[in-house]
Amino acid sequence: MDPLPNPAPLASKLRNTLVRYHSIGDSEWRVAKKTKDATVWRKPSEEFSGYLYKAQGVVEDVTNRIVDHIRPGPYRLDWDSLMTSMDILETFEENCCVMRYTTAGQLWNIIAPREFVDFSYTTSYEDGLLSCGISLDYGDVRPNFVRGFNHPCGWFCIPLKDYPSHSLLTGYIQTELRGMLPQSAVDTAMSSTLTNFYSDLKKALKT
């Protein structure tokens, strides 16, 4: 088990990585799934043997409120159907923490419940916000869970210029679920999980 990292350099490196993903040209992405709420693309990850996913959709709300629903905090468990528990293990500053969370089984439990320990950082970006994270090898794995690993992930939330009460939400996700899993099952689950994330989030913001 590694000790907790120094948050400042990790936060800076994480932000720079996400900004680099955000500048990847359209030609490098392939559409994986499209719904009325969001489009999901993917490309081979530079971090591991799976994919880096990009999800994007317009959400009818202001940036701060959307990000408050996404980042670690009281809202996330209420609406995210995939997340089954969340504990903040360490808080460094208001915008920086380590959290442990668990996810439900997926695809008729072909993908068993997972546990993650993530460093999370929220910061300003252009006129909006970036909430990003990366998994840490920290703490004992609880029984009945496989420990998954999130390579650099994040959500950019930027107000639309002509409609500031609407925001463009763009996510970059690359999750290594680990355990003995067929890659095709993982890829199916990831695309569906990301489109469901948008529809669940939109419902939560309307309540």
Side-chain angles (χ1 to χ4, degrees), residues 2 5 10-35 38-57 67 70-72 76 80 82-83 86 97-107 110-123 125 129-138 141 145-157 168-198 200-201:
D2 296 341
L10 181 57
S12 177
K13 184 181 176 190
L14 187 57
R15 183 185 190 280
N16 291 342
T17 300
L18 265 298
V19 170
R20 183 166 58 80
Y21 293 161
H22 206 38
S23 66
I24 294 171
D26 292 348
S27 61
E28 291 192 46
W29 300 99
R30 296 285 172 269
V31 173
K33 186 163 186 173
K34 198 167 186 172
T35 68
T39 303
V40 178
W41 298 264
R42 71 182 193 189
K43 70 183 287 296
S45 168
E46 298 165 15
E47 305 281 345
F48 75 121
S49 58
Y51 288 100
L52 168 63
Y53 287 85
K54 173 183 176 179
Q56 190 170 70
V67 172
I70 293 173
R71 67 180 174 181
R76 186 69 186 264
D80 189 338
L82 191 61
M83 199 176 271
M86 182 174 64
C97 70
V98 174
M99 65 168 175
R100 177 170 59 194
Y101 66 95
T102 54
T103 58
Q106 299 176 72
L107 291 179
I110 292 172
I111 299 175
R114 289 294 190 271
E115 175 188 79
F116 297 85
V117 174
D118 283 9
F119 172 82
S120 174
Y121 173 58
T122 302
T123 183
Y125 178 80
L129 292 167
L130 163 63
S131 187
C132 48
I134 187 170
S135 286
L136 305 173
D137 181 18
Y138 181 76
V141 180
F145 287 98
V146 175
R147 175 69 68 85
F149 193 92
N150 285 312
H151 296 277
C153 298
W155 296 91
F156 290 87
C157 192
L168 182 66
L169 183 64
T170 309
Y172 296 90
I173 306 294
Q174 46 187 345
T175 300
E176 194 171 347
L177 290 171
R178 296 183 171 166
M180 303 300 286
L181 287 173
Q183 189 61 41
S184 58
V186 174
D187 295 338
T188 300
M190 285 301 297
S191 299
S192 297
T193 295
L194 285 166
T195 52
N196 291 343
F197 181 93
Y198 278 80
D200 289 350
L201 174 62

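A quick note: this is a predicted structure, and the numbers were derived from the prediction, not measured.
For the pair Thr102 and Pro113, the minimum side-chain heavy-atom distance is 4.5 Å or more. Looking at Ile70 and Leu169, their side chains come closer than 4.5 Å, going by heavy atoms from C-beta outward. A 4.5 Å side-chain heavy-atom check between Met99 and Arg76 finds every atom pair outside the cut-off. Counting only heavy atoms from C-beta outward, the side chains of Leu18 and Trp155 never approach each other to under 4.5 Å. Here the side chains of Val98 and Val117 are in contact, with some heavy-atom distance below 4.5 Å.
When the side-chain hydrogen bond (donor to acceptor under 3.5 Å, both in side chains) test is applied to Thr188, no partner is found at least two apart in sequence or on another chain. Listed by chain and residue number, Leu10, Leu14, Phe119, Pro152 satisfy the side chain to side chain contact (heavy atoms under 4.5 Å, CB included) test with Ile134 (two or more places apart in sequence, or in another chain). Under the salt bridge (Lys or Arg N to Asp or Glu O under 4.0 Å) criterion, Arg147 pairs with Glu115, sequence neighbours left out. Legend: residues meeting side chain to side chain contact (heavy atoms under 4.5 Å, CB included) with Thr103, ordered by chain and number and at least two apart, are Leu82, Tyr101, Arg114, Phe116. Applying the side-chain hydrogen bond (donor to acceptor under 3.5 Å, both in side chains) rule to Arg178 yields no partners; only residues at least two apart in sequence or on another chain are considered. Considering only residues two or more places apart in sequence or on other chains, Glu47 meets the salt bridge (Lys or Arg N to Asp or Glu O under 4.0 Å) condition with none of them.
Heavy-atom minimum distance, Val146 versus Gly179: CG1-N, 4.1 Å. Taking all atoms of both residues into account, the shortest heavy-atom contact from Ser135 to Gly148 is OG-O, 4.3 Å. Among all heavy-atom pairs drawn from Ile173 and Cys153, the shortest one is CA-SG, 3.9 Å.
By the 30° and 60° cut-offs, the orientation of the rings of Tyr21 relative to Tyr172 is tilted.
Glu46 CD to Thr17 OG1: the interatomic distance, rounded to the nearest 0.5 Å, is 9.0 Å. The distance from atom SG of Cys97 to atom CG of Asp118, rounded to the nearest 0.5 Å, is 9.5 Å. Taking CZ of Arg30 as the reference point, atom OH of Tyr51 lies at 11.0 Å (rounded to 0.5 Å). Distance check: Thr122 OG1 to Arg15 CZ gives 12.0 Å after rounding to the nearest 0.5 Å. Rounding to the nearest 0.5 Å places CZ of Phe156 at 10.5 Å from OG of Ser131. Taken to the nearest 0.5 Å, the CG atom of Asn150 stands 4.0 Å off from the OG1 atom of Thr175.
Side chain of Tyr198 to main chain of Ala55: a donor-acceptor pair is present (N/O by atom type, distance under 3.5 Å, no hydrogens or angles). No donor-acceptor distance shorter than 3.5 angstrom exists from the side chain of Arg42 to the backbone of Leu52, with no hydrogens or angles considered.
By the 6.0 Å contact criterion, CG on Asn16 is enclosed, its count of non-hydrogen atoms from other residues, nucleotides or ligands being greater than 12.
Remark: the Ser192 side chain and the Lys33 side chain contain an N/O donor-acceptor pair separated by less than 3.5 Å. Residues Gln56 and Thr39 have side chains that never bring a donor and an acceptor to within less than 3.5 angstrom of each other.
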